[in-house]
Structure formats: structure tokens, C-alpha cells
Amino acid sequence: MTSDEASILTLNPAQERGLRNWTRREWPSKAIEVVVPTPGGPAVELVRGAVAQLVAAHEALRSRLVRDADGSWRQEVMDRDTAIRDLAFDTCELPPEQDLTAFVAGLAPEPVDPERLGMRCRAFTRAGGVRVVLLSLSHFFADGVSQLLLWRTLHGVLEKGDTKVVSPSMQARDFSGEQLAPAVRRNTRAWRDFLADAPRCCVFAAADRAAVEEVHGAESRVPESLVRALPGAARALGVTPYTVWTTATSLLVSRYTGHHSMVFKTQLANRTRPAEFRAVAQLAQAAFIPVAGSGRDTAADRAAAVFEAGLRGQGIGIHDTVGLLDWLDAPSRRLGAAFRPAFDINYGASIGGARLPQVTQGTDRREFRESQRMDPRSGAADLAVTVWQESDATTLTLRVKPPLWGLRPVGDVLDQLLATVEALLRRPDLTVDEVPAAPLPGREGLLRDPVSGVDIAPAAMDRLLRSHPRVVSAAFTVPSGTDRDRGVSATVVTDRPVDGTELVHTYTEAQRRMDGTVVPARLDLSFVDEGDPA
């Protein structure tokens with residue numbers, strides 16, 4: 001089958017992750033943008049022709065989601081002629097007074113319904129000439145590597161005089177679930193081995209999670225002095241600038257919580273061969289990297305641990321994140337607590353006009369608020385860090401969820417992260433206790449479960465045990481000494497006989513949304529007799 005024929009493809013693991021993590025209502029908003037300023041003002045038809053070439057060259061841009069006969073979602077690739085004929089292309093005239101620099105900086109992707117199309121294009125014109133081109137791509141079919149590839153290609157056609165878009169040797173069909181299945185199975189097993197003994201989660205504070213949470217964000221330009229110093233300091237440590245930022249975040253979390261071994265989440269594009277970097281496809285996967293640390297770590301020690309763990313994770317290859325999270329949540333290995341990394345971090349650099357949609361240029365400092373659906377099965381952290389390099393500035397963006405921003409304002413977290421990076425660059429022998437931040441308040445009231453490593457809040461644990469409607473009283477014990485390997489035990493009294501399996505299921509579902517708790521490893525059940533005055 002040639003790439004210009006219509007076809008139906010099985011979804012790959014990155015696309016399946018989207019099905020799991022995004023609701024149907026959210027699908028159109030899961031889009032990424034490619035913004036290409038065109039100061040020369042090419043004609044609309046020339047731009048439309050260039051975009052049509054992109055669509056003809058890349059199967060992902062002429063794709064949509066369809067249901068198979070068995071009800072499963074699939075990727076349908078339209079043939080080239082149909083896709084070009086039905087190309088979603090429109091124009092918008094800009095007012096004469098519009099500042100183009102500010103306009104480009106403020107552009108965001110338009111909604112793209114993946115059940116209808118994979119990409120739409122809007123050309124912004126002035127006096128008949130196109131001044132800005134906006135491609136909006138469904139994240140079901142394209143990722144960050146695709147974003148940069150398409151920017152380079154379209155910029156070359158419109159600004160450098162290149163006249164033809166060449167179809168790459170690898171297409172969406174080469175990354176279908178069916179094609180990748182053997183490698184995915186092998187690599188997912190490797191990720192299981194990598195995470196088998198990893199900490200379950202890092203608790204910033206006890207909290208009952210709402211279905212929709214308010215997220216506090218802060219964004220700042222990184223001081224130029226730090227930007228200049230960072231590459232040399234990274235070379236001196238034998239690591240990358242990304243590792244420096246990750247190390248600083250890890251040290252800050254250690255200072256906040258007293259946890260030193262932790263898992264952080266990052267995004268991997270799952271591309272290893274040169275030909276794969278010339279393909280438009282959705283291959284971005286969440287990767288969970290475990291870092292073994294201690295309270296005696298220096299910044300150099302932690303940087304070496306982060307770098308080594310990151311290299312090992314990046315070398316594994318494309319995997320099934322959904323299956324991996326399900327495996328981590330299986331009763332035999334969840335250790336009483338839902339899996340959640342200590343922090344998310346992503347680091348990138350722009351090429352020309354391509355940039356992350358969540359970064360706003362031209363602002364030295366701002367704070368903002370967003371809403372986010374709480375999904376305890378997605379492996380998302382309460383602290384998310386993005387570092388993005390533009391040609392004229394590096395931007396740091398933080399997003400903080402309620403348990404953390406309730407204890408420390410997001411602006412303070414951002415300032416303390418910047419201060420930690422600066423301290424790390426000055427002193428590679430910096431220790432956790434010397435990180436320029438105070439521990440989070442209220443930590444002294446938490447109990448560390450020696451089996452899962454989770455911090456338990458007594459009041460939250462009591463709420464968990466009483467969350468079953470039949471429970472009338474409960475108490476729990478955290479093991480110590482020779483009993484440390486036995487796990488948390490609880491005595492539970494109900495108003496009538498209750499099946500132990502049912503009770504554990506209730507606790508497991510409730511625990512996913514209750515920070516500071518674990519499902520007891522052992523339950524001692526009894527019930528109040530009808531004749532008992534209690």
C-alpha cells in the first residue's frame with residue numbers, strides 16, 4: 001500500500017495515552033500550533049499551495065479518528081486528492097494598526113476536532129498579502145518534533161524560496177500500533193524493571209482532591225546572567241543544562257518534603273533513528289525516571305544520579321505508558337498508594353517561530369490561574385516545570401496544584417527554584433540542607449510508611465478508613481522496628497458484616513484522591529452485634 005492511498009491504522013501507544021487521559025470534550029483543545037511570520041507578504045494562493053504540499057507529503061496531516069467495526073478507535077488516512085480538496089484553509093484580514101510582533105507572540109492553536117480532520121490552516125493577511133500563517137495540529141496526530149519539522153519546512157517554502165515539499169521515507173503507518181507492537185512489548189517490560197522498586201509518590205501535603213482543581217501558575221524570564229553561566233556549569237558537572245534544571249527541582253523537592261529518592265516525569269519523543277525525525281506523527285510519551293538520592297547528597301551527586309537515570313530511560317525506546325501505569329497500579333505492587341511522580345519537567349528550545357503554546361513571550365514576570373481535571377490514573381505531578389529557550393530569552397514556567405500552593409505561593413516556588421539553580425551553579429558541593437528554601441510547614445505531623453515510603457497524615461488516614469458507609473470506628477498502626485516490612489495495619493469496626501475485599505476496593509478507589517493516606521496492608525475486621533449497646 002502506498003502512502004497516497006486511504007488506509008485505516010491502529011493507534012500507537014502515544015495515541016492510546018490520549019484516549020485515556022483526555023475526555024471526548026477535551027479532544028478539540030488538544031492542539032499544537034506552528035506559527036510562521038511571512039513579512040514578504042506572499043499571495044494567498046501561494047500559501048495555500050504550500051500547505052497543500054505539506055498535506056500531500058504527510059499522512060498525519062490528512063488523518064482523523066474513526067470507529068472500527070468493534071468500536072475501537074482507529075486513525076483513518078485520507079488519500080491525497082481528497083485531503084487537498086477538503087483542506088481546512090481560511091484567511092483573516094489584519095487591521096492596519098496591528099503590531100505583528102505582538103500578534104505573533106499571542107497566537108495560540110485553534111481547536112481541531114480529530115474526528116473531522118488532523119490540521120487546519122489560517123492565513124492572516126494585510127492588503128492582500130499573507131503576513132502570518134497559523135497551522136493548528138491535532139495532538140492525536142502530531143507532537144513537538146512534528147511541530148518543529150513543519151515549521152522548518154513551511155518557512156523554507158515561503159521565505160527561502162524552496163519550491164517543493166519532499167515526502168519523508170517514514171509515515172504515520174510506520175508508527176501504527178500494529179507495526180510497533182513487538183518493540184513496545186519489549187520496551188514496556190524494560191520500563192517495568194526500571195520502575196519496579198521506585199517510590200510510589202511524593203506527598204507535599206495531605207489533601208482531598210477535587211474532580212476539577214485550580215492550578216496556580218507563574219512564569220518569568222530567566223536572568224541573563226544565569227542563562228550565560230548555565231552551559232559552562234553543566235559541562236563542568238559532566239551533564240546537560242536539562243539535567244541542571246532537573247537536579248535543582250529534585251533538590252528543591254527534597255528540601256520541601258524530606259524525600260530524596262523520587263520519580264520525575266518528562267516527555268520523550270520516542271525517536272531514535274534519523275529517518276524518524278523527518279516524520280510527522282504523535283510519538284510523545286510520558287517517561288517516569290526514578291532517581292535514587294539521599295539526605296547526604298551534594299548538588300553534584302544528585303546531578304550525576306539524574307543524568308545516569310535519564311540516559312537509561314531515554315535508551316529504552318517507545319513503550320506503552322497506559323499499560324505501564326496499569327501495571328504500577330496493580331494490587332500486587334501498588335503498596336497501598338496510587339503512583340504519582342514528585343514533579344514534571346520539560347526543557348526545550350525553539351527553532352525559528354516554533355514554540356510551546358503555553359509560553360507567552362515578551363513578559364518578564366506574570367502569574368495566572370487555570371482549571372485542570374484531576375485524573376489520578378494519569379501519573380501527573382503536583383509541580384510542573386517548563387524551561388523554554390527562545391532566541392532572545394529563556395522562560396521558566398511553573399504550574400502548581402492545590403496541596404502545594406496551599407502551603408507556598410507559586411511565585412515563591414518559582415523564586416526558590418531560580419535561587420536553587422543559581423546556588424547549584426556557584427557551589428556544586430551544595431547540600432540539600434543548604435538549598436535556599438524552607439521545608440514545607442506541617443511536615444512534623446506526617447508519618448512515613450516504611451513499605452511504600454508515602455507520608456501519612458493521621459487525620460486523612462482516619463477519613464480514608466471511615467469512607468466506607470458501614471464503618472463506625474477505625475484505627476491504624478504504622479509499623480516500626482522489626483515490623484517495618486509488614487506494612488500499615490488497621491482495625492475496622494462496621495455496623496454489620498462487610499466483605500474484606502469490598503472494603504479494600506472502597507479504600508483503593510478513595511485513596512487515589514486522598515493525599516497522605518495508604519490502603520492498609522492488613523485489616524482486622526469486626527462488626528457491632530445487634531445486642532451490643534456500642
Side-chain angles (χ1 to χ4, degrees), residues 191-207 209 246 249-265 288-297 301-302 305-306 309 313 324-325 327-344 376-377 379-383 401 403-404 407 432-433 439-440 442-461 464-465 476-490 504 507-508 510-522:
W191 276 105
R192 290 178 180 179
D193 293 340
F194 197 21
L195 290 167
D197 299 319
R200 293 301 305 175
C201 67
C202 181
V203 174
F204 290 109
R209 313 301 293 257
T246 305
T249 308
S250 175
L251 290 171
L252 184 62
V253 170
S254 284
R255 181 65 172 152
Y256 279 174
T257 67
H259 285 270
H260 307 297
S261 291
M262 63 188 72
V263 176
F264 70 88
K265 175 185 172 185
F288 302 99
I289 310 295
V291 177
S294 79
R296 299 182 300 277
D297 282 349
D301 294 334
R302 189 67 61 88
V306 169
L324 180 64
L325 289 170
W327 182 82
L328 287 166
D329 201 38
S332 60
R333 61 187 58 82
R334 76 187 307 271
L335 299 178
F339 174 79
R340 185 188 304 126
F343 60 92
D344 293 2
R377 298 177 187 270
D382 290 335
L383 169 63
K401 293 181 183 176
L404 180 51
L407 299 174
V432 173
D433 289 339
L440 295 175
R443 303 292 304 174
E444 65 280 356
L446 301 181
L447 308 172
R448 185 69 56 85
D449 173 20
V451 175
S452 67
V454 173
D455 290 326
I456 297 172
M461 194 68 185
L464 173 68
L465 295 175
F476 73 96
T477 302
V478 176
S480 60
T482 58
D483 293 332
R484 288 175 62 85
D485 294 335
R486 299 183 61 194
V488 172
S489 61
V504 169
Y507 288 159
T508 298
Q511 191 277 330
R512 300 183 202 281
R513 296 182 178 273
M514 297 180 69
D515 291 354
T517 64
V518 297
V519 177
R522 296 185 312 283

Decide side chain to side chain contact (heavy atoms under 4.5 Å, CB included) for Phe264 and Thr246; before the verdict, give the C-alpha distance in whole Å, the side-chain angles of both, and the deciding distance to 0.1 Å. CA-CA 9 Å; Phe264 70 88; Thr246 305; 3.7 Å; yes
Are there more than 12 heavy atoms of other residues, nucleotides or ligands under 6.0 Å from atom CG of Asp197? no
Distance (rounded to the nearest 0.5 Å) between [X] [atom1] and [Y] [atom2]:
{"X": "Leu464", "Y": "Phe476", "atom1": "CG", "atom2": "CZ", "result": "10.0 Å"}
{"X": "Trp191", "Y": "Phe288", "atom1": "CH2", "atom2": "CZ", "result": "9.0 Å"}
{"X": "His260", "Y": "Cys202", "atom1": "NE2", "atom2": "SG", "result": "10.5 Å"}
{"X": "Leu447", "Y": "Ser480", "atom1": "CG", "atom2": "OG", "result": "10.5 Å"}
{"X": "Cys201", "Y": "Arg334", "atom1": "SG", "atom2": "CZ", "result": "9.5 Å"}
{"X": "Asp433", "Y": "Arg255", "atom1": "CG", "atom2": "CZ", "result": "5.5 Å"}

Tyr256/Leu383 under side chain to side chain contact (heavy atoms under 4.5 Å, CB included): CA gap, chis, key distance, verdict: CA-CA 12 Å; Tyr256 279 174; Leu383 169 63; 5.6 Å; no
Sorted by chain and residue number, the side-chain contact (heavy atoms from CB on, under 4.5 Å) partners of Pro376 (sequence neighbours excluded) come out as Met374, Arg512, Arg513
Who pairs with Ala460 by side-chain contact (heavy atoms from CB on, under 4.5 Å), at least two apart in sequence or on another chain? Ala206, Ala457, Arg463, Thr517
For [X] against [Y], the heavy-atom pair lying closest together:
{"X": "Ser254", "Y": "Arg302", "value": "OG-NH1, 3.0 Å"}
{"X": "Leu407", "Y": "Ala205", "value": "CD1-CB, 3.4 Å"}
{"X": "Trp327", "Y": "Arg333", "value": "O-CD, 2.9 Å"}
{"X": "Val518", "Y": "Gln511", "value": "CA-CG, 4.2 Å"}
{"X": "Ala198", "Y": "Val263", "value": "CB-CG2, 3.7 Å"}

With heavy-atom distances below 4.5 Å as the criterion, would you say the side chains of Pro331 and Thr508 are in contact? no
How about Val488 and Met461: do any of their side-chain heavy atoms sit closer than 4.5 Å? yes
Steps toward side chain to side chain contact (heavy atoms under 4.5 Å, CB included) verdict (Lys401, Phe204): CA-CA 10 Å; Lys401 293 181 183 176; Phe204 290 109; over 6 Å; no
Could you list the donor-acceptor pairs under 3.5 angstrom formed between side-chain atoms of residues 335-342 and any protein atom two or more places apart in sequence or on another chain?
residue	atom	partner	partner atom	Å
Arg340	NH1	Asp515	OD1	3.1
Arg340	NH2	Asp515	OD1	3.1

Determine, stepwise, if the pair Ser452 / Arg200 fulfils side chain to side chain donor-acceptor pair (under 3.5 Å). CA-CA 6 Å; Ser452 67; Arg200 293 301 305 175; over 6 Å; no
Check: Leu325 main-chain N/O paired with Arg377 side-chain donor or acceptor under 3.5 Å: no
Check Asp455 with Arg443, please: is the shortest side-chain N to carboxylate O separation under 4.0 Å? yes
Run Val253 and Ser250 through side chain to side chain contact (heavy atoms under 4.5 Å, CB included) and show every step you take. CA-CA 5 Å; Val253 170; Ser250 175; 5.8 Å; no
